[in-house]
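Notes for the one structure printed next.
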Amino acid sequence: MSDILDNYLFDALANASENTFIYVSNLKTGMSRWSRHAVDFWGLEEEYFEDAPKVWLEHIHPDDRSIYLDSINPILDGKIDQLSCQYRAKNRYGEYIWVESKGSLVRDDHGEPSLYAGLMSRIDSQSKYDELTHLLTGVELLHKSFEDNGSLMLIGADGLRNINSRHGLRYGNSILKYLADSIVDNTPGMIVYRFRGDEFAVYGKNVTVQEMSKIYKKVNKCCGDAESIEGLISFSASAGIVQITPGDDASDMLSKAELSLLHAKEMYKSGMAIYSEEIEQKQIRKNTVSETLLHSIKNGCKGFYLVYQPILSNTGDTVVGCESLLRWDAPNPAIGACYPDEFIPILEKNGGIMEVGSFVMREAIKQASVWQKKFKNFSVSFNVSYFQLEDSQFVPSIIKTIDEFGVNPEYITVELTESVLNVDTELVRKSFEMLKSKGIKIALDDFGTGNSSFWTLHNIDIDIVKLDQSFIRGLGSNEAGIDYAIVESVGLMCNRVGYKTVAEGVETDDIWKMISRFEFSGLQGYLFSRPVVIAEFEKILDKYNMAS
């Protein structure tokens, strides 16, 4: 254990205030020390423990975990050196307390992350005004009594995490200051608060939600004009709006505005949502799913399993490999059916994607070792979230697992969607180079669904292009001309430059016959099989005369 964790200066600072909590983490060993005040107040098991970010995450309010993760992950990855965020954390009595967390990264002589020193303060007794923007703090809003009709808007900058990662925290603060000034300029006679992190609250007495919506549009336009006005990068903002009536509780109204803001960010990327019971029910379900997912992960990824969908040769008579797909049986009966398009975004938001992604990777490679012994040149692919690429240990763990199970890496494929563009291009390039140096293949999934498909092909070295199933399925409609042209052109282009291609969504014989002329390397779809468990998949292999 590093001496810094037992330093006398730590003991002196730890006892400075009962409302301030300090901690130090050794990023090389994973060991942390938290002050005795922190242990007692938050109900931690002891002063010294490992994997502090994971342990502390369980204390944070489910609605605020993404705020914490967006702030701490760039620190742990060594992308930024300073942290500042506000969120709610649960104390030993089960009460959620607002805190402001600040910290600094210490690097070793080689510039690698070594230590992280954090300072956490309760903000129920903090200064009335925010230091950066000089606006009233969110605590002041929480204490406000609503005596008139009006509306409350919660507005936040989109993508601030990426801005901080690429340009630094100081630049990010300039963005926040510009956003604060833009809000104030467009809300005369209203009260503006720095609520927390990148979020600002606006209360308008006798202002309708429709009028507040118009104000949001003006502010968002200012964000888009940031480059021409202030020389900053242009960015966007999202907002949640709720109607206020006399006697409404400030905390309840803020929760409703927060739910609406989350809905806007998820549905519209940069947009606005007005609170409704439907939005609240959707967000309540997300929170329930999120909590249950984290419980499953804590219990060894209980309930998660893989299914496999065969990939056939262009002739449709030989299985050449399969895609491993994640499924989850929710242990909470109130959740009911929950499919990947619902739970994977939630995992990416609550941080569980890292452990679940490792589970998928390990299970897929383990199964590949079985099938590679039976069938020659049998390829197994699995999906990777761009969040996993931000973990410097993830790619080495793939290579280590392949070595552990004695798998031929040339028949392992890592699939990524175009959301990989959310990660720094250089980071993606280095990760891919490491994988490809071992013979592992890279596939770009859902090609054609984003607006940067060809940019991706031009800038990132991949092996396989998987054309999105929406284009393939479109070939079966009466108006298939545009889809036919897209499928044909993508197939020809990929063949010309040496990419293998897989057509997803092959569901009928007519579509199969139609695309057979395009010389796709692989075919995948319900015509051949839905994703199935191992036992059913091996029956498919028997069907195609692949049994050993």
Side-chain angles (χ1 to χ4, degrees), residues 67 70-71 80 82-87 98 100 102 123 126-142 144 150-242 244 250 254 257-258 260-261 264-265 268-273:
I67 296 170
D70 285 350
S71 300
I80 60 176
Q82 292 182 313
L83 174 146
S84 178
C85 63
Q86 297 177 358
Y87 51 81
W98 279 100
E100 181 174 47
K102 294 189 175 183
I123 59 176
Q126 75 169 38
S127 172
K128 186 174 182 178
Y129 295 97
D130 173 59
E131 293 181 5
L132 176 65
T133 64
H134 307 299
L135 296 172
L136 291 167
T137 64
V139 175
E140 294 300 309
L141 177 55
L142 288 168
K144 184 173 179 57
S151 58
L152 178 69
M153 175 169 66
L154 205 58
I155 183 169
D158 296 325
L160 188 66
R161 176 190 178 191
N162 288 337
I163 293 174
N164 285 337
S165 296
R166 295 179 181 179
H167 303 281
L169 189 61
R170 183 175 298 178
Y171 189 91
N173 284 342
S174 298
I175 292 288
L176 290 176
K177 186 67 170 63
Y178 175 80
L179 176 56
D181 291 342
S182 299
I183 295 171
V184 171
D185 290 344
N186 285 282
T187 54
M190 302 183 199
I191 307 176
V192 182
Y193 304 83
R194 169 81 184 278
F195 181 54
R196 62 178 177 185
D198 67 345
E199 295 178 4
F200 298 85
V202 181
Y203 170 64
K205 177 181 175 182
N206 296 323
V207 175
T208 67
V209 292
Q210 289 76 21
E211 291 170 332
M212 194 67 86
S213 300
K214 293 179 181 178
I215 290 170
Y216 158 73
K217 292 178 181 178
K218 292 180 181 178
V219 173
N220 196 37
K221 185 179 185 305
C222 291
C223 297
D225 293 338
E227 184 174 359
S228 57
I229 295 175
E230 289 290 336
L232 299 169
I233 62 171
S234 296
F235 63 102
S236 63
S238 298
I241 302 174
V242 62
I244 300 293
L254 275 167
E258 180 74 33
S260 303
L261 174 60
K265 284 181 176 287
Y268 312 114
K269 304 301 182 183
S270 61
M272 171 211 67

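Just so it is clear, the structure is predicted and the values come from calculations on it, not from any experiment.
Looking at heavy atoms from C-beta onward, Leu135 lies out of side-chain contact with Tyr193 at the 4.5 angstrom threshold. At a threshold of 4.5 Å between non-hydrogen side-chain atoms, the residues His167 and Ile175 do not count as touching. Side-chain contact between Ile191 and Lys144 is present, with heavy atoms from C-beta onward closer than 4.5 Å. Leu154 has its side chain out of reach of Ser260: every pair of non-hydrogen atoms, C-beta onward, lies at least 4.5 Å apart.
A distance-only check finds no donor-acceptor pair linking the side chain of Ser238 to the backbone of Leu261 [under 3.5 Å]. With hydrogens and angles disregarded, no donor-acceptor distance shorter than 3.5 Å links the side chain of Tyr171 to the backbone of Leu232. Listed for the Tyr216 side chain is a donor-acceptor partner under 3.5 Å among the backbone atoms of Ala237.
In this structure, CD1 on Ile80 lies 6.0 Å from CG on Leu169, to the nearest 0.5 angstrom. Of the inter-residue distances, the one linking Trp98 atom CH2 with Leu142 atom CG reads 6.5 Å to the nearest 0.5 angstrom. Between atom NZ of residue Lys221 and atom OG of residue Ser236 there is a gap of 14.5 Å, rounded to the nearest 0.5 Å. Note that the CD atom of Glu211 and the OG1 atom of Thr187 stand 13.5 Å from one another [nearest 0.5 Å]. Atoms CE and CD1, on Met190 and Ile215 in that order, are 3.0 Å from each other to the nearest 0.5 Å. With rounding to the nearest 0.5 Å, the separation of CG in Asn186 from NZ in Lys217 is 14.0 Å.
The residues Arg196 and Glu258 are annotated as salt-bridged, a charged nitrogen and a carboxylate oxygen being separated by less than 4.0 angstrom.
Here the closest heavy-atom approach between residue Gly224 and residue Ser234 is recorded as O-OG, 2.9 Å. Taking all atoms of both residues into account, the shortest heavy-atom contact from Ile241 to Ser151 is CG2-CB, 4.5 Å. Nearest heavy-atom pair across Asp225 and Tyr178 is C-OH, 4.0 Å. Among all heavy-atom pairs drawn from Leu179 and Cys223, the shortest one is CD1-SG, 3.7 Å. Nearest approach of Ser84 to Lys102, heavy atoms of both residues: OG-CE, 3.7 Å. The minimum heavy-atom distance linking Leu83 with Cys85 is given by the pair CD2-SG, 4.1 Å.
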(request) Would you check, one step at a time, whether the test side-chain contact (heavy atoms from CB on, under 4.5 Å) holds for Arg194 with Leu176? (result) CA-CA 10 Å; Arg194 169 81 184 278; Leu176 290 176; 3.8 Å; yes
(request) Take Val219 and Val202 through the side-chain contact (heavy atoms from CB on, under 4.5 Å) test and state the conclusion after the steps. (result) CA-CA 12 Å; Val219 173; Val202 181; over 6 Å; no
